[in-house]
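Positions are given from 1 along the sequence. One-based numbering, in listed order, for ligands and for the atoms of each. Atoms considered below: every heavy atom in the structure, side chains included; atoms not considered: hydrogens, waters and symmetry mates.
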Amino acid sequence: MRYRVTLIPGDGIGPEVTNAARQVAEATGIAIDWEVVEAGEKAIQAQGTPLPDSVLESVRRNRLALKGPITTPIGSGFRSVNVALRQQLDLYASVRPARAIAGEGTRFPETDLVVVREATEGLYSGVEHWVDRDHSAAETVNIITRKASDRIIRFAFELARREKRKRVTAVHKANVMKTTGALFQTAFREMAAQYPDIPSDERLIDNMCMQLAKKPEEYDVIVTTNLFGDILSDLCAGLAGGLGVAPGALYGHELAVFEPVHGSAPKYAGLDKADPVAEILCLEMLLRHVGEVEAADRVFRAVWETIAEKKVVTYDLALPGYTLTPVPPSTCSAMAKEIARKVPLVDPHVALPRPKGTGHIDPHLEA
Ligand code: NAD
């Protein structure tokens, strides 16, 4: 089986980390033909637009894309390429797994959850305006529809079933947002009744943040609206080990675009310093999506073992905070080479050791 995948290297550290992912893809032995297309700064220079139609056509044709981060130019008049891509391709589900890897870089080594965020409406619908001429008051309209709520909630339950996850938790603020919040809540309750085999519950957004900061290991699949999902997925990326190791995916109707949570980190561009793990784990998600489960397991295990060994890791994984004993940092390309070297050597059938948690900080604060 050969796969044709659109590759968008992106800006800043994008070309370095997508090269790293390509190198690891090659090590899996899975045949992938990469269709490389430019979006972002290079596309502005060459074609006068950061998101040429040819990029959208390539993703629609191949239905699969691996994407590096793209800089949003400030003050140039161009809107975010990332937001435009989501809207144009109707990539409605943003999925961000937060898995602590090898128990490193986190106070919560048992964290293994996934945030499913509605990515097309809510407070990011773009309906906002100044109320008066003096710009002393403003409104942003929070659009929540039953159609988009049903679609994302069904997606979350199907993901839970497919990945054999334990529970789906809806996050909203229905006690204060009596229409939009209540609509999402009702949609969730009615959809949950269609999945009686999957336990489900609800949290208010504020309580969810507190719960996650104390005991993220108790959560599994979280489904929520656009703004809450944006914030929770960054919070969870931090809980699980930081931006350098946080992958993500965007799904639409028969389309999937895999991109890391992090941005283009312009200050590290071209320095061969950036952590390639997030982009490599995007490749892992892509392989899993197309059913290449063993190759995906090999990639995850190779990443896990490289981080656990702490011999060839980039600066962010070599510092105190990630590791108790600092180690000399390696380059992005050296870490990618090490992960690629391990891919054919690891045994994906042996269960990964489950790091033990440090326990709750203060049992009196349990809510
Ligand atoms: P950023 O994620 O690019 O960088 C923030 C900091 O995180 C960096 O300075 C660096 O210290 C660290 N970091 C990020 N990725 C890392 C990696 N792989 N390895 C090691 N350290 C890493 O966020 P920002 O500075 O707010 O944004 C920079 C640009 O990226 C902006 O133009 C923004 O619009 C864009 N952006 C794009 C996407 C996307 O393409 N999906 C996402 C977020 C931000």
Asker: Arg203 and Thr169: which non-hydrogen atoms are nearest, and at how many Å?
Answerer: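 Closest pair (atom of Arg203, atom of Thr169, distance): CG-CG2, 3.8 Å.
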Asker: I want to know if ligand 1 touches Arg86 in the polar sense, i.e. an N/O pair below 3.5 angstrom.
Answerer: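 The answer is no, given that Arg86 and ligand 1 share no N or O pair closer than 3.5 Å.
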Asker: Do Thr145 and Glu121 meet the criterion of a side-chain donor-acceptor pair at a distance under 3.5 Å?
Answerer: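 The answer is yes; a qualifying pair exists.
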Asker: Given Cys332, Ala265, Gly244, Gly263, which has its nearest heavy atom closest to atom 42 (C) of ligand 1?
Answerer: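 That would be Gly263.
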Asker: Relative to ligand 1, is Lys273 under 4.0 angstrom through side chain, backbone, both or neither, heavy atoms considered?
Answerer: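 No part of Lys273 comes within reach of ligand 1.
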Asker: What class does the angle between the rings of Phe157 and Tyr195 fall in, given that below 30° is parallel, 30 to 60° is tilted and above 60° is perpendicular?
Answerer: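 Taking Tyr195 first and then Phe157, their aromatic rings lie parallel (interplane angle under 30°).
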Asker: For atom 39 (C) of ligand 1, what's the nearest protein heavy atom and its distance?
Answerer: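 Of the protein heavy atoms, Asn82 ND2, 3.2 Å lies nearest.
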Asker: Which protein heavy atom lies closest to atom 9 (O) of ligand 1, and at what distance to 0.1 Å?
Answerer: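 Residue, atom and distance for the closest contact: Lys267 CE, 3.2 Å.
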Asker: Would you indicate which of Thr71, Thr72, Ile8, Leu243 comes nearest to atom 34 (O) of ligand 1 when only heavy atoms are counted?
Answerer: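 Answer by nearest heavy atom: Thr72.
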Asker: Considering only protein heavy atoms, determine whether one is less than 4.0 Å from atom 3 (O) of ligand 1.
Answerer: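 Neighbour list for atom 3 (O) of ligand 1 includes protein heavy atoms (cut-off 4.0 Å).
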Asker: So is Gly248 touching ligand 1 or not, going by heavy atoms under 4.0 Å?
Answerer: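 Not so, Gly248 does not reach ligand 1.
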Asker: Carefully, step by step, assess Glu202 and Arg189 under the rule salt bridge (charged side-chain N to carboxylate O under 4.0 Å, His left out).
Answerer: CA-CA 9 Å; Glu202 298 167 35; Arg189 289 181 179 177; 2.7 Å; yes
Asker: Ion pair present between Asp220 and Lys164, side-chain N to carboxylate O less than 4.0 angstrom?
Answerer: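 Not counted as a salt bridge, because no side-chain N and carboxylate O are separated by less than 4.0 Å.
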Asker: Hey, does the side chain of Asp347 reach the backbone of His349 with a donor-acceptor pair shorter than 3.5 angstrom?
Answerer: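 A pair under 3.5 Å: yes.
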Asker: Could you label the plane-to-plane angle of the His135 and Trp130 rings as parallel, tilted or perpendicular, counting under 30° as parallel and over 60° as perpendicular?
Answerer: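 If you compare the ring of His135 with that of Trp130, the planes turn out parallel.
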Asker: Considering only heavy atoms of Pro266, which atoms of ligand 1 have at least one such atom less than 4.0 Å away?
Answerer: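 Once the distances to Pro266 are compared, the set is 28 (C).
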Asker: Distance to 0.1 Å, residue and atom name: give those for the protein heavy atom nearest to atom 10 (C) of ligand 1.
Answerer: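 The answer is Tyr268 CE1, 3.5 Å.
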Asker: Among protein heavy atoms, which sits nearest to atom 14 (C) of ligand 1, and what does the distance come to when rounded to 0.1 Å?
Answerer: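 Heavy-atom neighbour on the protein nearest atom 14 (C) of ligand 1: His262 CB, 3.7 Å.
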Asker: Under a 3.5 Å cutoff, is there a donor and acceptor pairing between the side chains of Thr225 and Glu118?
Answerer: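 Per modelled atom types, Thr225 and Glu118 side chains form no pair under 3.5 Å.
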Asker: Between His253 and Tyr92, is the ring centroid distance below 6.0 Å?
Answerer: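 When the ring centroids of His253 and Tyr92 are compared, they turn out to be at least 6.0 Å apart.
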Asker: Less than 4.5 Å apart, any side-chain heavy atom of Leu183 and any of Ser149?
Answerer: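 With C-beta onward as the side chain, the pair touches.
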Asker: Which heavy atom in Leu113 sits nearest to a heavy atom in Cys236, and how many Å separate them?
Answerer: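 Looking at all heavy atoms of both residues, the closest pair is CD1-SG, 3.7 Å.
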Asker: Among all protein heavy atoms in this structure, tell me which lies nearest to atom 21 (N) of ligand 1, with the distance rounded to 0.1 Å.
Answerer: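 Of every protein heavy atom, Tyr315 OH, 2.8 Å lies nearest to atom 21 (N) of ligand 1.
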Asker: What protein heavy atom is closest to atom 17 (C) of ligand 1, reported as residue, atom name and distance in Å?
Answerer: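 Going by distance alone, atom 17 (C) of ligand 1 is nearest to Asp275 N, 3.7 Å.
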Asker: Would you check, one step at a time, whether the test salt bridge (charged side-chain N to carboxylate O under 4.0 Å, His left out) holds for Glu338 with Arg341?
Answerer: CA-CA 5 Å; Glu338 178 60 15; Arg341 187 186 71 79; 3.0 Å; yes
Asker: How far is atom 29 (C) of ligand 1 from its nearest protein heavy atom, and which residue and atom is that?
Answerer: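 Result for atom 29 (C) of ligand 1: Ser264 OG, 3.2 Å.
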Asker: Look at ligand 1 and say whether Lys67 reaches it with a heavy atom at a distance under 4.0 Å.
Answerer: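 Yes; Lys67 lies near enough to ligand 1 that a heavy-atom distance drops under 4.0 Å.
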Asker: Under 4.0 Å from atom 7 (O) of ligand 1, is there at least one protein heavy atom?
Answerer: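 When distances to the protein are checked, atom 7 (O) of ligand 1 has a heavy atom within 4.0 Å.
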Asker: Which residue and non-hydrogen atom of the protein lie closest to atom 40 (O) of ligand 1, and at what distance in Å?
Answerer: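 Nearest protein contact, heavy atoms only, for atom 40 (O) of ligand 1 is Ile70 N, 2.8 Å.
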Asker: State the atoms of ligand 1, each with its element, that fall below the 4.0 Å cut-off from a heavy-atom position in Glu259.
Answerer: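 In order of number, 41 (N).
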Asker: Looking only at distances, can you tell me whether any N or O atom of Ile13, backbone or side chain, sits closer than 3.5 Å to an N or O atom of ligand 1?
Answerer: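 No - when backbone and side-chain N and O of Ile13 are compared with those of ligand 1, no distance drops under 3.5 Å.
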